[in-house]
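What follows is a single structure, written as structure tokens, with notes after it.
The shown structure was predicted, so the numbers you read here are calculated from the model rather than taken from an experiment.
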Amino acid sequence: MTGASDGAETERAPERAPEPAPVRCPILHVDMDAFYASVMIRDRPELQHVPVVVGGGHRGVVLSANYPARAYGIRSGMSGTEAQRLCPGAITVPPDFSVLTPVSKAIMETFRTVTPVVEVTSLDEAFLDVRGAVRLFGPPEAIAERIRATIRAEHGIACSVGIAASVSVAKLASRQAKPDGVRVISPDRFVAEVHPLDVGVLYGVGEATRQRLHRIGLITVGDVATFSREQLRQMLGRHLGGHLHALVWGLDRTELVPGGAGVFGFGEGEPEGSMGAQHTLAIDLRDRAALRRELLRLTARVVARVRGAGRRGRTVTVTVRFTDFTTVQRSRTLPEPTDITQEVYATAVPLLEGLLDDRCPRPVAVRLVGVRVEGLRHRRPGDGRQLALGERDPGWSDADRAVDRATDRFGHAAVRRASLL
């Protein structure tokens, strides 16, 4: 036993560093400002201060417009014809994805130097979870400024960053930060700052849903928040009502899917871990049977590519763009990954029907349909759905591979589903 005599040193337990406080707003949404236009004109000083539109054309849509063009009311997703009407003097520049795609990939790599948890949603935006990066880089606000400075220095373009505790609120914050800013909406300020706003500011609430809510007297986010989840489901349908209830309280998704992509971007580069296809229809369609056939055609093409890459996917996403240029999407995650066309199509059809039903009682014609298979992983020997006791194998996998062999040898027109003839 050691005494505490004069001059004797007592042993002390090593001090432990205090645990870091939880990060209250760990989700960043980083969105390039007028990305397509900014990249296409960054080396053309004569276009910096005049209205510039990227994309457009016959039945085409505006991919981007710089801020002088936006002053005329031109917005992404607008038809090229409408943009020309609003600003006849605007300079139209075609998108060059041989330039845009490498810049996008470099920006995404910049994000990954900060955190591995990066969920890419298009060529020019992504969500980042930085809760694991604060010890190295400081609080989320400092991380946001670091990212913005790096992108400006390396690529000569600006971005805006929203910071919040959930995906939808971070997206809203980045919109409010534009152009070239940072905005934080913390949970304790959410009600005060968001509830007075028009319900159309919520992420995922398009113009059609906004008008539908306005017609029944729900003008602001706070108006919607006065109703319970069940009341909103009764008023608006189970899916939309439940989704809106989460949005108006900022209680939507807080976990990201690294590398995933939940929306369709433009261009040749595909978001990581997914394969998809979309098609702008030759004529606008209301006929659901015709839309299901188009969905089947796209699904067959996408899933054939998935099989050709030796992969299987678990999440199916369907996107629809209506003639009013509202773009909506819906996803479903399967219990097990698949590379079978029929299984993906059987999942996609109810998603399509749900998107169309959401537009009732005033349905709008459709101008674009898309389907994407996400959560891809490499196919391993023995992969496949386990059949239930007594269940017969329908043989879809064998049929798909027979079709693949035929089309590889004789071309895509060699074998078609009867409903597509």
Side-chain angles (χ1 to χ4, degrees), residues 28-114 118 120-126 128 141-162 171 173-183 263-271 325:
L28 273 59
H29 180 253
V30 187
D31 193 2
M32 302 302 110
D33 294 336
F35 174 69
Y36 296 89
S38 297
V39 174
M40 297 307 300
I41 67 177
R42 64 182 176 177
D43 297 323
R44 299 180 64 180
E46 75 277 10
L47 298 181
Q48 296 293 330
H49 303 293
V50 300
V52 176
V53 174
V54 178
H58 176 64
R59 285 194 64 80
V61 297
V62 174
L63 300 186
S64 182
N66 67 353
Y67 285 92
R70 294 184 186 197
Y72 288 86
I74 299 174
R75 295 291 183 269
S76 300
M78 178 180 290
S79 71
T81 303
E82 179 66 8
Q84 185 67 22
R85 185 188 68 79
L86 290 173
C87 184
I91 304 298
T92 300
V93 177
D96 184 350
F97 289 102
S98 68
V99 175
L100 291 164
T101 301
V103 173
S104 172
K105 289 181 177 179
I107 288 170
M108 300 307 159
E109 285 307 311
T110 296
F111 297 160
R112 294 187 182 98
T113 65
V114 174
V118 178
V120 181
T121 58
S122 69
L123 281 180
D124 61 342
E125 61 180 307
L128 288 68
E141 295 90 332
I143 294 173
E145 294 295 352
R146 177 189 181 92
I147 289 171
R148 295 176 65 240
T150 301
I151 291 173
R152 183 180 292 279
E154 294 183 355
H155 304 290
I157 60 177
C159 67
S160 299
V161 185
K171 174 75 172 182
S174 71
R175 288 176 178 170
Q176 294 181 339
K178 284 185 172 295
D180 196 15
V182 175
R183 175 90 162 88
V263 299
F264 288 92
F266 295 91
E268 299 168 351
E270 287 190 313
F325 287 91

Query raised in the report: So how far is it from T113 OG1 to R146 CZ, rounded to the nearest 0.5 Å?
Result: 6.5 Å
Requested in this report: Please check if the side chain of R75 supplies one atom and the backbone of R70 the other of a donor-acceptor pair under 3.5 Å.
Outcome: yes
Requested in this report: Answer yes or no: is there a side-chain heavy-atom contact under 4.5 Å between L128 and I147?
Outcome: yes
Query - Gap between atom OG1 of T150 and atom CZ of F111 - 0.5 Å precision - result: 10.0 Å
Requested in this report: Report yes if the side chains of V93 and V53 come closer than 4.5 Å at any heavy-atom pair, otherwise no.
Outcome: no
Query - I41 CD1 to H49 NE2 distance, which is reported to the nearest 0.5 Å - result: 9.0 Å
Query raised in the report: Does some side-chain heavy atom of E82 sit less than 4.5 Å from a side-chain heavy atom of R85?
Result: yes
Report summary line: Shortest non-hydrogen pair, V54 vs M40, comes out as CG2-CG, 4.4 Å
Query raised in the report: So do M78 and L86 actually touch side chain to side chain, heavy atoms under 4.5 Å?
Result: yes
Query raised in the report: Is there side-chain contact between F35 and V103, with at least one heavy-atom pair below 4.5 Å?
Result: yes
**Report entry** Note: D180-R148 ion pair, threshold 4.0 Å (strictly below)
**Finding:** yes
**Report entry** Residue pair V161 / H29, side-chain heavy-atom distance below 4.5 Å
**Finding:** no
Query raised in the report: Would a 4.5 Å heavy-atom cut-off, applied to side chains only, mark K178 and R183 as touching?
Result: no
Query raised in the report: Just wondering, do I157 and V39 contact through their side chains at under 4.5 Å, heavy atoms?
Result: yes
Report task. Would you check, one step at a time, whether the test side chain to side chain donor-acceptor pair (under 3.5 Å) holds for D33 with S160? Result -> CA-CA 7 Å; D33 294 336; S160 299; 2.9 Å; yes
Report summary line: Separation between CZ (R112) and OG1 (T110), nearest 0.5 Å, reads 10.0 Å
Report summary line: Looking only at heavy atoms, the pair that brings D124 and D31 closest together is O-OD1, 3.4 Å
Query raised in the report: For Y72, does the OH atom sit with more than 12 other heavy atoms under 6.0 Å from it, leaving out its own atoms?
Result: no
Query raised in the report: Nearest heavy-atom pair of S64 and S76: which atoms, and what distance?
Result: CA-OG, 3.8 Å
Requested in this report: Quick one: closest heavy-atom pair of Q48 and P68, and the distance?
Outcome: O-CG, 4.3 Å
Query - Neighbour count above 12 (heavy atom, 6.0 Å) for R175 CZ - result: yes
Query - S104 (side chain) donor-acceptor with L123 (main chain) under 3.5 angstrom - result: yes
Query raised in the report: Would you say the side-chain atoms of S174 pair up with the backbone N or O of K171, donor to acceptor, closer than 3.5 Å?
Result: yes
Report summary line: What one should report as the nearest heavy-atom pair of M32 and C159 is CE-CB, 3.5 Å
Query - Smallest separation among heavy atoms of N66 and V50, with atom names - result: ND2-O, 2.8 Å
